[in-house]
Engineer: 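I'd like to ask some things about the structure below.
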Amino acid sequence: MQKESAVARPSAHLDADTLRQMYWIMLLSRRTDERAWVLHRQGKIAFHISAMGHEACQVGMAFAIQRGVDYVNPYYRDLALVMALGVTPAQFMVSLFGKVGEYSSGGRQMPSHFGYRPANIISGSAPVATQVPQAAGLAFAIKYRQQMGLVDANDATQPRLALTCLGEGSTSQGEWHEGMNWAGVHKLPFICMVQNNEYAISVPIEAQMAVSNVADRAAAYGVTGVVVDGNDVLAVYDVAKAAVERAYTGGGATLIEAKTYRLTPHSSDDDDRTYRSREEVETWKKKDPILRFQNYLLENSIMTQAELDDADARAKSIVDAAQAEAESTPYPAPEFALGAVYAEEN
Amino acid sequence: MQKESAVARPSAHLDADTLRQMYWIMLLSRRTDERAWVLHRQGKIAFHISAMGHEACQVGMAFAIQRGVDYVNPYYRDLALVMALGVTPAQFMVSLFGKVGEYSSGGRQMPSHFGYRPANIISGSAPVATQVPQAAGLAFAIKYRQQMGLVDANDATQPRLALTCLGEGSTSQGEWHEGMNWAGVHKLPFICMVQNNEYAISVPIEAQMAVSNVADRAAAYGVTGVVVDGNDVLAVYDVAKAAVERAYTGGGATLIEAKTYRLTPHSSDDDDRTYRSREEVETWKKKDPILRFQNYLLENSIMTQAELDDADARAKSIVDAAQAEAESTPYPAPEFALGAVYAEEN
Amino acid sequence: MPIITLIEAIRIAMDEELARDPRVFITGEDVGKRGGVFRATQGLFEKYGPTRVVDSPLAELSIVAIGIGAALADLRPICEIQFADFIHPAFNQIVNEAAKMYYRSEGQWRVPLVIRSPYGGGIGGGLFHSQSVEAFFTHVPGLKVVIPSTPYDAKGLLKSAVRDPNPVLFFEPKKGYRAIKGEVPSDEYTVPIGPARVARQGKDLTLFAYGMMAYYAELAAEQVARQDGIDTEVIDLRTLLPLDKTAILSSIQKTGKALIVHEANLTSGYGAEIAAVLADDGFHYLDAPVKRLCGPDVPGVPFSHPMQEFFMPNPDKIAAAIRDLAAY
Amino acid sequence: MPIITLIEAIRIAMDEELARDPRVFITGEDVGKRGGVFRATQGLFEKYGPTRVVDSPLAELSIVAIGIGAALADLRPICEIQFADFIHPAFNQIVNEAAKMYYRSEGQWRVPLVIRSPYGGGIGGGLFHSQSVEAFFTHVPGLKVVIPSTPYDAKGLLKSAVRDPNPVLFFEPKKGYRAIKGEVPSDEYTVPIGPARVARQGKDLTLFAYGMMAYYAELAAEQVARQDGIDTEVIDLRTLLPLDKTAILSSIQKTGKALIVHEANLTSGYGAEIAAVLADDGFHYLDAPVKRLCGPDVPGVPFSHPMQEFFMPNPDKIAAAIRDLAAY
Ligand SMILES: Cc1ncc(C[n+]2csc(CCOP(=O)(O)OP(=O)(O)O)c2C)c(N)n1
Ligand SMILES: Cc1ncc(C[n+]2csc(CCOP(=O)(O)OP(=O)(O)O)c2C)c(N)n1
Ligand SMILES: [Mg+2]
Ligand SMILES: [Mg+2]
């Protein structure tokens, strides 16, 4: 891939600073994630669901959009994605504990049900794939505003696309089909990234669909479909950037399938030994997207080993601080359960 | 097409008797259908929804399966299909009036909500596409019974496939996606025939989907997809027969798209002049599948003009008798509304 | 004031809201050129064009979800579900998504969405074109559920629904679309979502109803007033969720007897909630058992005419129930 | 008799039914190798193989629809919906299809289908892993709705559900899966769908509940008996649809006071129907307002512990409500 021309590879234009930022988000997500597992083992929190292994596809995707401006409907595994959009380890930690002032829902939702208006991250629920047709609706609104002359199509301070993510298993839902169909029919500025980690909890992809690639399904909607190595952050960035350009310039929707693997059980409630062999997991651990990006950064002299170590130390201290903050934050008042049922003003 | 070898064209093996039967069903459906429109204009019935224009694809399909044995989940436009399976004009007429003893629902359902256990026609509802995953369930049961050794896979007295039909617009429903997906994953003995008449009531296909052919969507499910001229009964029979063989021999599911056109408004409640040009309708009237098949039968000396005329006269008298029977049948007792809510015995 | 039909009032409300706010748009099956299968959107496609009056694919969950997404992006969608019977595919989007968005985001995200749908029986529609689905949604906090019974209310409430920052389900009694007529001012006005309407003052008993049954209730009340001298108070609930408890209780305090009427089948219908409120907060005012006159507990309204009529409450059946209760 | 947990009873019921009838099979997400996310199907895949214990795609409407199709073809599917919160995508198939098939075909086609699903809060599941969805379905004639609260009933009712010729929704109180234990015979037995169970005899007031709340109701009743000498009758409804009116009325005739408890939010909840029955047929027996102790009218059970506990009814809250009512 290194040999391809820079034209075909937008990532070749990324400056060293940006590459370091991308690495930093992947690392920070990983360290936060690892700490969550520790907290769970310590019995301090009840639940965690992990992004470990998925960081490259999430960060590669996030860096291709106008972060904080474009609409994003993530799914529960998108910790690195939302961190790239501005959610902090401290915010996430508070959500793990369900403490007062929790950023996404005031502690009403389980952790990893992301949502953060300041970064234009739409609040998510648990039922999978519901976010897909909603994201199509957001994309529809973008196009509507442009057609009505309410905004300028090139105004980068306004949302110009809607991005949504989900797992490969979740494409079995009718919700996914209907959302993709709108995106195709209306040529919407819409990107759907499927993070294909081969399993939906325990259900392997062969029991989920009879196609080799989820991206093959793009053909059913008249949208562009593309498969990418989801553990290669720059490869993801490249296809993501092309999809973003397509969206920004009226070229319609893209279905990106990022092939990846989760390095942990489905969630802290799961025991993946019942359905994944240890050999398989070990094989994928060798393809860890963070190690891979480290190697790239070292080989291309973008970061030194010392810088990597330093980043690690910084990440650790941020996570430590985040945990301390979360632990010392009080719980919300019980009656807080009664608030915010109906909006009052339009 | 005439030039293709007989091997590739199962219809070349159809004997004259069968061809005449196929014509007869198409004709009988058409005449029944036309009479229903008359009854509606006369104010004798409240509602009719028509198969006119769709007879070829329905009859070509029906004659390819083991009629009365294989499971069929039709949709409201399938008058010719259910007639091919044994529903009579008299039965249909009684349903138009909602009279006592109505064959499908005892008069509880609107007409054209087909269902007839003696012919293994599953009872249908109005919400479109719900029958698709149900048909996949029937196909699943067929495969289950075979795998469990409860039936012999070659026993032609047992259902060996499930067939379902719907319009192209209805493929936008999540129900369709989910049903197709099961059919693909489990390689089910399942046929989905989409009768693509270019409109869903008033909504043209461009507002419905961004693909050129509904059959393109087969690629999303790993099933065979095929497009056929739905106004050519023998062409439909050919692709249907191939799909049936595939189903009977463990080759999995088929999505057949039959391109056709409805010659009437959507239903007696509709006025299609708001959305279809008269020219367009006239063009398609020239492609009337019944006229086309007549020509074929005449040209190939399978029927004479006198025989065609005679068939017409017979059809008319059957429809007359059916109407008379329906009109003289009493209405059900009001309290009949209360029956058959729960089955009592298993 | 001009006298117009219920459906005209609905169309005018949409027309006015489209004109008022460029963020308002309509989507649903056949709402464009066809003007809707009941003609509720007739002329709006011609007037506002295909950007604002959008024929949807045949897929209800996406109609609602697109509406949710657009509402999140601060548009004001009006989504039409062609028949209430076809709202069920969208149940997940309505119940898990639209209703819970505000709460689950602690008010960060809101869904100012209107879902309009014709409901109810008596029009030869059989099991799948006659359903009354309100009770499924009145159990869902975060939603508002509105059912008008007069053209005046239909226009005023629909305009309020479009301006409401929450998801509003707006069910329209299709049998009354052309049958119900009434005076409607041509000027701008709204009717607030929330308060019930005392459709008829009375002192002998209270009849609680909404939609087509509220219309019938008034007819029945006139009939028993004329024929039997029974003075019935008719409360047209109009907004089912949130429920106007005050109106219910102040009426029962006056009359002491309650008859609840709806077309939906009895068990776990909306009437049960009214009865439950009366049995608790209204207990001391009650002089008689709380009666419900509802559709029978069968899976739907049958098509065949005699069975349909057997199923449906109507002014005569309501009048008979009033007499029984008054005689208690 | 062995003492086992609620979830063991459920697993044993399925095991026995799979062994009894080759037409019985299970499908749902993760029911295979994983044995279900709650382990309700643990060991069944190993014992009966992939033909009979089938991991479904992640798509609830198809899980139900495949079940309907298979039931039409005379199999006996047991469909698992992983959490009741995820049943909404299947609402159309359940309400328009499974429930109406027998009626709409005048009995030609039947749907002997079981849909099992864990429901209820108090387990840190937040808005989308805690829902109590029963009231949506008790409004739907053609369905049966069953909620057991003891291992004995769970086994016996689930076996009846599998043998029932109608679609049965079988909701399992997930908080009680391991918390509720009880004696269960190893022999074959069934518990009929329909009759409620008098869980505790009493004369001062009646507490109506089901599922986890029936379990708590008994605890609360013991508490107030001990501490306050109040003698509470506890009716565990078990079958919510069809409703056992006789059991309700004969208890209220004895006690004259009713407290209804469920976790689902109050408005239009299942308790409303019980209250409505009491306010009509039970009117003359009532000595006090009919009380409901339910979840508050908010969109769901919050995740954060203090808010969750605030939401959930529990033995102490129930005991307090009993005392209030008894003192009335
Ligand atoms: C509608 C619905 N059904 C079931 C679940 C339970 N569930 C949560 S995640 C999950 C598997 C998702 O698999 P996939 O889409 O492949 O995403 P992954 O977790 O592998 O990233 C399931 C079954 C759910 N959240 N929503
Ligand atoms: C779920 C649902 N939504 C809406 C309708 C109303 N409706 C009945 S037929 C129809 C159009 C169907 O179009 P298509 O699938 O192309 O079939 P065609 O009638 O053209 O054969 C619509 C919108 C319905 N029956 N079900
Ligand atoms: Mg996955
Ligand atoms: Mg069509």
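Hydrogens, waters and symmetry mates play no part in the numbers below; they use all other heavy atoms, side chains included. Residue numbers start from 1 in every chain, and the chains themselves are labelled A, B, ... in the order their sequence lines are given, proteins ahead of strands. Treat the numbers as computed from the prediction; the structure is a model and nothing was measured.
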Engineer: Apply side chain to side chain contact (heavy atoms under 4.5 Å, CB included) to Glu273(C) and Leu266(D), showing your working.
Structural biologist: CA-CA 9 Å; Glu273(C) 181 60 33; Leu266(D) 180 107; 4.2 Å; yes
Engineer: Which atoms of Ala258(D) are under 4.5 Å from chain C, going by heavy atoms: the side chain, the backbone, both sets, or neither?
Structural biologist: neither
Engineer: Most heavy-atom pairs under 4.5 angstrom with chain D, which of Arg292(C), Gln93(C), Arg104(C)?
Structural biologist: Arg292(C)
Engineer: Is Phe128(C) close to chain D through its backbone or its side chain, or both, or neither, when contacts mean heavy atoms under 4.5 Å?
Structural biologist: side chain
Engineer: Heavy-atom pairs under 4.5 Å with chain C: which of Gly126(D), Gly300(D), Ala288(D) has the most?
Structural biologist: Ala288(D)
Engineer: Rounded to the nearest 0.5 Å, what's the gap from CG on Leu278(D) to CZ on Phe283(C)? Could you check?
Structural biologist: 10.5 Å
Engineer: Within this structure, what is the CG-CD1 distance for the pair Asn96(D) and Ile87(C), rounded to the nearest 0.5 Å?
Structural biologist: 11.5 Å
Engineer: Quick one: which of Val277(D), Leu61(D), Asn265(D), Ile260(D) has the most heavy-atom pairs under 4.5 Å with chain C, could you say?
Structural biologist: Asn265(D)
Engineer: Which is it for Thr267(C) and Leu243(D) under the side chain to side chain contact (heavy atoms under 4.5 Å, CB included) test, yes or no, and what are the steps along the way?
Structural biologist: CA-CA 9 Å; Thr267(C) 297; Leu243(D) 171 60; 5.6 Å; no
Engineer: Heavy-atom cut-off 4.5 Å, strictly under: side chain, backbone, both or neither for Leu286(D) against chain C?
Structural biologist: both
Engineer: Rounded to the nearest 0.5 Å, what's the gap from NZ on Lys100(C) to CG on Leu127(D)? Could you check?
Structural biologist: 6.5 Å
Engineer: State, with a plain yes or no, whether a side-chain heavy atom of Val95(D) is found less than 4.5 Å away from one of Phe136(C).
Structural biologist: yes
Engineer: So Glu60(D) and Asn92(C), do their side chains get closer than 4.5 Å, heavy atoms only?
Structural biologist: no
Engineer: Apply side chain to side chain contact (heavy atoms under 4.5 Å, CB included) to the pair His139(D) and Val133(C), showing each step before the final yes or no.
Structural biologist: CA-CA 9 Å; His139(D) 188 42; Val133(C) 301; over 6 Å; no
Engineer: Among the options Pro302(D), Ala272(D), Gly282(D), pick out the one with the most heavy-atom pairs lying under 4.5 Å from chain C.
Structural biologist: Ala272(D)
Engineer: Check whether Asp281(D) gets within reach of chain C through its side chain, its backbone, both or neither, counting any heavy atom under 4.5 Å.
Structural biologist: neither
Engineer: Please tell me if the side chains of Met101(D) and Pro299(C) come closer than 4.5 Å, counting only heavy atoms from C-beta onward.
Structural biologist: no
Engineer: Could you check which of Pro141(D), Ala90(D), Gly269(D), Ala276(D) has the highest count of heavy-atom pairs closer than 4.5 Å to chain C?
Structural biologist: Pro141(D)
Engineer: Report which part of Gln131(D) has an atom under 4.5 Å of a heavy atom belonging to chain C: side chain, backbone, both, or neither.
Structural biologist: side chain
Engineer: Heavy-atom cut-off 4.5 Å, strictly under: side chain, backbone, both or neither for Phe86(D) against chain C?
Structural biologist: neither
Engineer: Indicate yes or no: at least one non-hydrogen side-chain atom of Ser268(D) is less than 4.5 angstrom from one of Phe137(C).
Structural biologist: no
Engineer: Give me the atom names and distance for the closest heavy-atom approach of Val290(C) to Asp280(D).
Structural biologist: O-CB, 3.2 Å
